[in-house]
Amino acid sequence: MKKINIILYTFLSFAIFTGCDEGFEELNVDPNSSTAVPAHLLLGGTQLTYMNTMYSAQLGGDMGACWAQQWSKVQYNDEARYVPRRGNIDAIWRNMYSSVISEASAMYALADAEDNNSLKGASLVMQAVGYQTLVDFFGPIPFTEAIDGAILQPAYDTEATVYAGIISMLTDASALLATGSGSITGSSDLFYAGDVSKWSKLANSLMFRALMRISSTPENQNSKMQGLMGKMIASNGDNAQITYLGAAPDANPIWETIVNGNRAEYKVNSVLVELLEQSNDERLAVYAGVNASGNILGKPSGFGAATTLPNEDLGYTYANISPLGDKYLTATLPGVLMSYSQLSFLVAQAANEGYISGGIPMASAWYKQGITASFAFNGLSSATYLAQLGVDFTTQSDGRTKIATQEWIALFGQGFESWTEWRRNKIPALVPAAEGDINQIPSRFYYPTTEPSLNGDSYNAGVQMIGGDELTSPLFWQ
């Protein structure tokens with residue numbers, strides 16, 4: 001009997017303990033802690049980090065708009081004299097790899113698991129944007145071995161290799177977005193609120209911009225441009241842009257620095273003011289505010305080394321030099337990644353150079369569309385301006401100058417993009433900053449300060465490809 005009781009007790013104990021364990025995993029899961037992140041939640045962060053980096057006054061302002069000679073400064077002028085803060089350059093590299101490319105790559109993997117082609121396409125667009133920014137700023141960069149946790153010292157690829165990869169990414173993105181499979185959650189999409197058709201246009205427009213960037217190189221893929229016609233951004237309503245909010249920390253970074261941060265040293269450049277005055281361009285009153293005397297006056301680039309700033313004798317003072325216009329100092333100023341205006345000028349240039357069909361008549365039509373779109377973005381009508389003699393062109397040479405000049409004007413506020421397109425076109429003619437640390441406008445950034453120590457062999461190979469880690473080292477498309 002005792003033996004039977006022991007067996008029974010053992011059996012009951014086993015049943016009780018195994019029964020208590022059944023379903024324990026489900027009971028031990030915190031319903032408020034996700035075990036899987038929906039792919040769409042990664043999109044907004046990549047968009048916001050990218051646009052905040054581009055629109056930072058200390059980044060896109062100091063090393064973009066000032067170098068493109070659309071902005072100038074009446075104090076704290078080192079960057080405008082080509083002495084950039086190395087920590088700021090490090091931040092651009094870090095933001096692009098860690099917060100844009102890496103996050104977008106993770107989003108692609110999650111979207112793939114969700115069988116969401118639309119979101120996969122958007123993730124490829126954001127990766128391509130991050131890589132193109134890096135290769136345009138630095139030159140050779142890690143690409144084929146980048147974002148691989150198993151490779152701690154990724155090789156630097158040639159610029160041509162990176163560009164081929166960017167164009168391939170955008171080609172794949174366009175195809176994925178065209179399938180109609182999947183969706184993009186509107187609340188997570190800061191550009192288009194989930195409109196997949198606009199993402200498709202953006203992928204093709206960015207591809208056209210990338211193709212134009214390398215159009216004069218032996219590695220060009222100009223034959224692809226014609227096939228993109230009719231598939232790209234078609235109006236200002238298609239612009240890829242973030243609408244910022246009215247207060248920090250979600251306002252436009254330009255406003256956050258200059259207005260909210262009381263950094264009034266940022267002013268308009270005399271090159272911009274004089275060029276727009278000469279052509280009776282109404283955008284001047286939008287781009288620039290009035291000085292203490294009620295006039296619009298710009299300051300030339302540079303000074304601040306041998307010549308003290310602010311400088312009463314030269315008139316380079318806070319009161320005498322015009323600030324940016326009210327529109328560009330508004331908290332809700334959109335952060336633009338790609339505009340219909342810029343695309344129009346790129347198409348005009350492609351037609352003017354014979355990369356696409358249509359010749360000068362086609363180039364002229366797109367050129368005027370670009371001007372009209374720029375005026376409209378700034379709340380103006382272009383009718384009076386376009387009616388002036390000398391605005392249009394009838395020859396390739398004249399068209400080349402006027403298209404590039406109008407693109408430069410239209411890119412006001414997009415500091416890095418205006419500098420980058422000026423580096424490609426070298427129009428308008430600009431004189432290096434007075435009292436500059438180097439005798440030419442920078443063609444690139446220094447590599448990050450961490451690369452020589454953390455990735456020395458690859459860094460050295462990359463430096464050798466461009467002849468030195470200098471601000472003046474030429475990139476392959478320049």
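Hydrogens, waters and symmetry mates are skipped; everything else that's a heavy atom, side chains included, is used. Small disclaimer: the values here were computed from a predicted structure and weren't measured.
The only member of Leu343, Val125, Ile233, Leu211 that meets side-chain contact (heavy atoms from CB on, under 4.5 Å) when paired with Leu206 is Val125.
Judged by distance alone, with hydrogens and angles left aside, the side-chain atoms of Gln388 form a donor-acceptor pair with the main-chain N or O of Tyr385 at under 3.5 Å. Remark: side-chain polar atoms of Lys402 are paired, donor with acceptor, to backbone N or O of Gly390 under 3.5 angstrom. Here the side chain of Gln406 pairs no donor or acceptor atom with the backbone of Val391 at under 3.5 angstrom. With hydrogens and angles disregarded, a donor-acceptor distance shorter than 3.5 Å links the side chain of Thr317 to the backbone of Asn320. In this structure, Ser322 contributes its side chain and Asn295 its backbone to a donor-acceptor pair below 3.5 Å. The backbone N or O of Leu333 lies less than 3.5 Å from a partner atom in the side chain of Asn252, making a donor-acceptor pair. Although no hydrogens or angles enter the test, the distance criterion places no donor-acceptor pair under 3.5 Å between the side chain of Asp281 and the main chain of Leu276. Panel note: side chain Gln241, backbone Gly335; no donor-acceptor pair is recorded below 3.5 Å. Asn378 contributes no side-chain N or O that, together with a main-chain N or O of Leu380, makes up a donor-acceptor pair within less than 3.5 Å.
A salt bridge links Lys201 to Asp238: at least one charged side-chain nitrogen sits closer than 4.0 Å to a carboxylate oxygen. At a threshold of 4.0 Å, the pair Asp62-Lys73 counts as salt-bridged, since one of the basic side-chain nitrogens sits closer than that to a carboxylate oxygen. The pair Arg209-Glu417 meets the salt-bridge criterion, with a side-chain N (NZ, NE, NH1 or NH2) lying under 4.0 Å from an Asp/Glu carboxylate O. Using a 4.0 Å cut-off between a side-chain N of Lys or Arg and a carboxylate O of Asp or Glu, Arg400 and Glu407 do not qualify as a salt bridge. Ion pairing between a basic and an acidic side chain is recognised when a charged N comes within 4.0 Å of a carboxylate O; Arg86 and Asp90 show no such pairing.
Ring pair Phe345/Trp366: centre-to-centre distance not below 6.0 Å.
Here the side chains of Gln47 and Asp189 are in contact, with some heavy-atom distance below 4.5 Å. Within the 4.5 Å cutoff, the side chain of His40 has no heavy atoms near those of the Ile184 side chain. Counting only heavy atoms from C-beta outward, the side chains of Ile141 and Trp93 approach each other to under 4.5 Å.
The aromatic rings of Tyr287 and Phe412 lie parallel to each other, with less than 30° between the two planes, well short of the 60° mark. Using cut-offs of 30° and 60° for the angle between ring planes, the Tyr131 and Phe143 rings count as perpendicular.
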Should Gln440 and Tyr82 be marked as a side-chain hydrogen bond (donor to acceptor under 3.5 Å, both in side chains) after you check the CA-CA gap, both sets of side-chain angles, and the distance that decides it? CA-CA 9 Å; Gln440 68 181 69; Tyr82 316 138; over 6 Å; no

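In this structure, the side chain to side chain contact (heavy atoms under 4.5 Å, CB included) partners of Arg423, at least two apart in sequence or on a different chain, are Asp136, Phe137, Trp419, Thr420, Leu475, Trp477, Gln478.
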